[in-house]
Amino acid sequence: DLSQINTNMAPEGSTSSDLGPLLFIPALVRVERPSSATVPKNSFSWSEDVKSTHQFFTPRFHHVLLYRLPNEFALPPVHATPHHSHLSRTCDVWSRGVKWISETGVTTIVEMSESFQSLSLAMSSPDKADPKYLELAHSVLKVITKTCQEFCPHLEVVDLISYPPE
């Protein structure tokens, strides 16, 4: 069960409320990017880059994003029926990113740069004309931008989009 818990693990002199709630994710997370997490050819790409060389995405933003994306898009519904409760999608999580393949075959990769100044999204679908592909792209971008606004509200960023050639 992926859930939010409060802990009393606070530095001396501070309270747990200073840190806010901490997230506990009972999962194995790789340090290195898995070899299976390659960006598909002819994929839709989006990146969000920090404008200033002296600004960075916060580690908290990164950790929350790595929690929210698989929770939202790569896990089965909480109230799934017994025959639908198995995970019919694949998901890889590593220290700087996440990759999943949806039930419809859409491959999605979200990864933070080593410098914490760029976040990239790449998506590829067997059927690029499928409206669900565009809906998924919109939904993923919405989660990313909402999380960024929540945890990095003063960060100045520029968004770049590239579409695959026809």
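Aromatic ring pairs are classed by plane angle as parallel below 30°, tilted from 30° to 60° and perpendicular above 60°; the pair Trp100 and Phe73 is parallel.
Remark: the backbone N or O of Ser95 is paired with a side-chain donor or acceptor of His62 at under 3.5 angstrom.
Every residue meeting the ring-ring contact (aromatic ring centres under 6.0 Å, His included) condition with Phe61, not counting sequence neighbours, appears here in chain and number order: Phe57. Applying the side chain to side chain contact (heavy atoms under 4.5 Å, CB included) test to Glu156 and every residue at least two apart in sequence or in another chain returns Lys51, Gln55.
To the nearest 0.5 Å, atom OH of residue Tyr133 and atom OG of residue Ser124 are 6.0 Å apart. In this structure, Tyr67 OH and Glu72 CD are separated by 10.5 Å, a value rounded to the nearest 0.5 Å. To the nearest 0.5 Å, atom CG of residue Leu69 and atom OG1 of residue Thr147 are 7.0 Å apart. Taking OG from Ser113 and CD from Glu48, the interatomic distance works out to 11.5 Å, rounded to the nearest 0.5 Å. The CD atom of Glu111 lies 5.0 Å from the CZ atom of Arg96; values are rounded to the nearest 0.5 Å.
Residue Ser52 comes nearest to Gln117 through the heavy atom pair O-NE2, 3.3 Å, listed as atom of the first residue, atom of the second, then distance. Of all non-hydrogen atoms in Lys99 and Trp94, the two that sit nearest each other are N-CZ3, 3.6 Å. Across all non-hydrogen atoms, the minimal contact from Ala137 to Phe44 is CB-CE2, 4.3 Å.
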Trace of the side-chain contact (heavy atoms from CB on, under 4.5 Å) decision for Cys91 with Val98: CA-CA 7 Å; Cys91 180; Val98 61; 4.0 Å; yes
Derivation and outcome, side-chain contact (heavy atoms from CB on, under 4.5 Å), residues Val157 and Asp49: CA-CA 5 Å; Val157 295; Asp49 299 328; over 6 Å; no
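Contact of the Leu65 side chain with the Leu119 side chain is registered, since non-hydrogen atoms from C-beta on lie closer than 4.5 Å. Looking at heavy atoms from C-beta onward, Leu155 lies in side-chain contact with Val50 at the 4.5 angstrom threshold. At a threshold of 4.5 Å between non-hydrogen side-chain atoms, the residues Leu121 and Ile109 do not count as touching. Using a 4.5 Å heavy-atom threshold, the side chains of Thr107 and Met123 count as separate. Using a 4.5 Å heavy-atom threshold, the side chains of Ile144 and Trp46 count as touching.
Applying the salt bridge (Lys or Arg N to Asp or Glu O under 4.0 Å) rule to pairs touching residues 142-154 yields Arg68-Glu150, sequence neighbours excluded.
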